[in-house]
Amino acid sequence: MRCLQVSNQDLEERIPSYEELEKLENEEAGDRPKWDNKAQYMLTIVGFCVGLGNVWRFPYLCQSHGGGAFMIPFLILLVLEGVPLLHLEFAIGQRLRKGSVGVWSAIHPYLTGIGIGSMCVSFLVSLYYNTIMAWVMWYFFNSFQETLPWSQCPVNANMTGLVSECERSSPVDYYWYRETLNTTPDIDNTGGLQWWMVLCHVSAWALLFICISRGIETTGKAVYITSTLPYAVLTIFLIRGLTLKGSLNGVKFLFTPDMNELMNPTTWLDAGAQVFYSFSLAFGGLLSFSSYNSVHNNCEQDAVIISIVNGATAVYAATVIYTIIGFRATEKFDDCISGNILTLLNTFDLPEGNVTENNYDQVLHSLNGTYPEVIQGLNLKTCDLNSFLSEGVEGTGLAFIVFTEAITKMPVSPVWSVLFFIMLFCLGLSSMFGNIEGVLVPLQDLGVFPKSWPKEAIAGTTCVLCCLVGLIFVQGSGNYWLSLFDSYGGSIPLLIIAFCEMVGVVYLYGIDRFNDDIEFMIGHKPNLFWQITWRFVSPAIMFVIFVFYFITKVQETPMYKAWNPESENFPTLEEKEYPSWIFAIIFILAGIPGLSVPLTAIYKCLRNRCCKKDNEFKQDDLNTIAKQVHLTDEATKNKPDIPETADGR
Amino acid sequence: MLVWILFLLCQVGAPALAQDLCQRDAPNGYKVRISLKTALGEDAYEWNQSEMFFFQATMAFAMRRHFQMETYNVDNIILCVQTSRVSFWFVVTSPDNTTMLIPKADVEKAVRMSRHRINNAFLLSDRTLEFLGIYPTLAAPVNPDTPPWLIVFGVVIGAVCVGIIALLISSLLQKRRKEKGMTEDGQDEEDMQVKGVENGINLDGTYNRGFTDDDRFTKL
């Protein structure tokens with residue numbers, strides 16, 4: 001493929017050679033941090049990849065795209081897209097031993113934009129991700145009460161009844177939208193800072209600071225807990241969930257395959273996007289973490305293991321979540337039927353026990369025949385188990401509304417609530433380690449901070465800055481800002497950067513050189529599977545996903561869902577259009593990281609061109625001793641022959 | 001004889017009159033609905049005439065408790081329209097004049113005052129012994145002085161502050177130890193630099209790789 005490779009001069013000068021790498025390895029010299037052991041590295045990577053998305057995005061996708069059938073596109077794209085990209089990032093980071101900006105500027109100075117783009121995306125994602133941590137902490141703090149505050153509506157001011165907003169919706173909805181977020185009806189009203197949320201926000205950033213203050217020295221210790229605890233809690237929840245009534249309904253609903261969904265292109269797109277985002281590719285964090293490895297670490301094996309772990313965790317978490325959702329749906333269904341039965345008993349003065357769940361339909365039918373107007377006037381609710389099972393089970397809605405409601409119905413609720421929110425916190429915190437790594441290391445590489453500052457000061461300054469900027473998300477309208485950042489900041493730019501990464505490594509760095517590097521590091525050349533996926537398949541998949549996502553996002557008018565107690569369909573969320581000034585924000589979020597790749601390239605190119613004349617001028621000033629000696633030898637040659645004396649004068 | 005006939009008429013007529021006073025949707029009456037199976041499940045007792053008598057007695061007690069001066073009796077509580085649900089209507093007559101009904105509002109006050117006692121008499125609750133029209137008073141919300149979440153927050157933030165201070169102190173101590181080590185002993189420099197460069201703690205000075213080749217040459 002030499003014809004497709006762009007000439008890359010001076011590459012050898014920018015990257016460490018094999019001899020230098022061996023020296024670094026054997027003498028343990030160099031000032032780069034190292035992992036204490038392999039387990040720390042694996043746990044950190046697993047923690048970074050396994051995040052909140054595995055718990056609240058994958059189960060929803062699975063259930064809405066045909067259950068068990070969704071596994072097929074998910075697994076296929078995992079193998080064709082996830083594993084190759086992961087292996088690529090591990091290998092290039094381990095070889096070039098730098099953070100994202102360092103790696104890309106070493107490959108070619110014009111590609112520095114990829115590193116800067118990664119840094120911008122990591123920064124934007126860190127901002128809002130830690131606010132989710134703040135919300136989790138708020139729920140965690142409030143779980144240490146005998147009756148959970150979201151299990152019942154509060155009484156209104158004059159003690160005559162329940163608060164109207166709560167009565168019309170539900171206690172969990174009210175607690176989430178009013179008592180936690182205190183959300184405004186639209187994004188234009190900022191609603192001011194909510195002091196309780198500010199406290200949680202600050203404590204989330206403070207906790208994160210402690211864990212990252214000395215880089216991997218501290219995160220390496222923290223991941224022993226943050227990466228393993230979620231698995232323990234998931235197992236506890238699985239055992240508890242399977243003993244609850246109706247849990248198997250949920251699991252059946254999740255995995256019942258609907259093969260027709262495989263014909264739908266959105267299924268494949270969503271599977272591809274989920275694989276991509278789940279692996280936290282293109283953030284720069286994976287590159288950084290791999291660069292702390294020893295040179296001969298088997299990155300191929302690591303990539304395969306991490307992919308399997310990530311996929312298996314997603315399926316495991318989905319099972320656990322759906323046992324609990326099945327329980328909740330069954331409880332709601334039972335309540336609905338009981339309510340209808342009670343209404344019938346009360347209206348027709350039938351003795352208790354005459355109408356049960358089993359004969360409800362028969363009785364209703366016979367009563368409808370004899371007293372149709374009365375039955376109409378009763379407004380009996382239609383109870384459908386499937387509709388309860390497919391209720392709002394994605395994102396923050398899953399964690400803070402559906403799951404918390406399920407927990408209130410379980411005995412000893414505070415314990416389950418504490419466990420659940422600790423698990424969410426650990427999942428999120430371990431992902432934050434990777435996000436922050438993707439911000440801190442490029443900042444150090446770019447030389448933004450003075451070299452004399454210790455690591456703690458750099459980490460501290462970054463945390464304080466992010467904390468202050470993140471105060472946008474703890475206002476009244478914070479929830480809307482967060483979903484804005486999530487949809488535009490954390491989606492399109494990543495696809496662009498990942499595509500550029502693949503093209504950069506395969507065609508600019510050179511796939512042959514890359515193959516040789518891997519042979520040097522792990523002892524054998526990557527086999528045919530890697531060659532095909534790196535050169536054609538994975539970039540093609542990334543490109544297709546990017547094009548479809550871009551077209552979909554550009555075509556639809558950006559809308560958001562608002563909690564407005566005055567709207568007609570309350571408690572259903574009201575769909576509103578974004579105001580026009582939001583488009584500027586969207587451009588900043590999606591455009592700047594994405595455009596940083598070409599813009600930096602152009603900037604470097606222009607700077608190179610205008611400085612080329614200066615370079616040539618400077619070369620003439622090279623004044624070495626060798627040059628002068630050479631000149632004097634020539635001078636003596638032109639002089640007449642002087643007989644040399646014995647003592648050499 | 002006439003007195004005897006009048007007496008007989010009264011005996012026959014009084015219940016008839018009582019029936020007129022108590023009827024479905026009576027203006028001064030209340031409907032009571034009892035859900036025994038919901039409340040007690042398998043321990044539910046049978047609702048029979050004795051239980052109805054007990055209800056009359058309990059209501060008479062509630063009226064006596066509220067009004068205090070007047071002596072209500074079981075006969076003053078008239079029940080009607082019993083269904084198998086179990087539900088029935090009742091009205092309360094005045095002890096002085098059996099044809100006069102006690103107004104709805106007074107009955108409500110009496111029931112509210114003794115609601116807890118009435119519920120307990122039948123082993124039921126506000127939800128399973130319903131007086132339709134008399135809504136149960138809501139429990140006063142328990143407002144602790146410090147919200148519990150602030151306590152947990154305080155504990156967590158305290159631990160975090162201790163952690164940050166420990167971190168800063170340990171990094172300061174490490175820096176001082178390094179400075180001491182470098183000025184005291186020159187020979188230890190190389191060792192310390194080799195060991196200390198791990199985990200990226202910033203040092204003053206760079207490692208001079210030129211010295212690492214010495215070992216190779218001296219092997220001869």
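Just so it is clear, the values below take in all heavy atoms, side chains as well, and ignore hydrogens, waters and symmetry mates.
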*Asks:* Can you tell which part of A:Asn354 gets under 4.5 Å to a heavy atom of chain B, answering side chain, backbone, both or neither?
*Replies:*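 Neither the backbone nor the side chain of A:Asn354 comes within 4.5 Å of chain B.
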*Asks:* By a 4.5 Å heavy-atom criterion (distance strictly below it), what part of B:Val160 contacts chain A: side chain, backbone, both, or neither?
*Replies:* both
*Asks:* Count the heavy atoms belonging to other residues, nucleotides or ligands that lie under 6.0 Å from CZ of B:Arg127, then report whether that count exceeds 12.
*Replies:* no
*Asks:* If we define contacts as heavy-atom pairs under 4.5 Å, which of A:Leu199, A:Leu207, A:Leu345, A:Thr147 has the most with chain B?
*Replies:*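 It is A:Leu199.
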*Asks:* Considering only heavy atoms, which portion of B:Ile34 lies under 4.5 Å from any heavy atom of chain A: side chain, backbone, both, or neither?
*Replies:* backbone
*Asks:* With only heavy atoms counted, which part of A:Phe348 is less than 4.5 Å from chain B, the side chain, the backbone, both or neither?
*Replies:* neither
*Asks:* Under a 4.5 Å heavy-atom cut-off, does chain A meet the side chain of B:Ile151, its backbone, both or neither?
*Replies:* neither
*Asks:* Determine whether A:Ser338 and A:Asp335 satisfy the following criterion, side chain to side chain donor-acceptor pair (under 3.5 Å), listing intermediate values before the conclusion.
*Replies:* CA-CA 5 Å; A:Ser338 309; A:Asp335 284 344; 5.2 Å; no
*Asks:* Taking side chain as everything from C-beta outward and backbone as N, CA, C, O, which of these in B:Ser171 sits under 4.5 Å from a heavy atom of chain A? Side chain, backbone, both or neither.
*Replies:* both
*Asks:* If you tally heavy-atom pairs under 4.5 Å against chain B, which of A:Ser143, A:Ser203, A:Gly220 wins?
*Replies:* A:Ser203
*Asks:* State whether a side-chain donor-acceptor pair under 3.5 Å links A:Ser417 with A:Ser413.
*Replies:*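 No - no donor-acceptor pair under 3.5 Å links their side chains.
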*Asks:* What is the ring orientation for A:Trp150 with A:Tyr175, classed by angle as parallel under 30°, tilted 30 to 60°, or perpendicular over 60°?
*Replies:*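 Because their plane-to-plane angle lies in the 30° to 60° range, the rings of A:Trp150 and A:Tyr175 count as tilted.
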*Asks:* Can a side-chain donor-acceptor contact be found between B:Thr128 and B:Ser125 if the only test is distance below 3.5 angstrom?
*Replies:* yes
*Asks:* Is A:Trp138 in contact with chain B via its backbone, its side chain, both, or neither, using a 4.5 Å heavy-atom distance?
*Replies:*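 The side chain, not the backbone.
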*Asks:* Answer with side chain, backbone, both or neither: which region of B:Ile157 has an atom nearer than 4.5 Å to a non-hydrogen atom of chain A?
*Replies:*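 The answer is the side chain of B:Ile157.
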*Asks:* Does the side chain of A:Tyr292 pick up a donor-acceptor pair with the side chain of A:Glu437 at under 3.5 Å?
*Replies:* yes
*Asks:* Is A:Gln145 close to chain B through its backbone or its side chain, or both, or neither, when contacts mean heavy atoms under 4.5 Å?
*Replies:*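 The answer is the side chain of A:Gln145.
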*Asks:* Is the number of heavy atoms from other residues, nucleotides or ligands under 6.0 Å of A:Lys221 NZ greater than 12?
*Replies:*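 Above 12, so yes.
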*Asks:* Among B:Glu108, B:Lys31, B:Arg115, find the one that has a side chain to side chain contact (heavy atoms under 4.5 Å, CB included) with B:Phe131.
*Replies:* B:Arg115
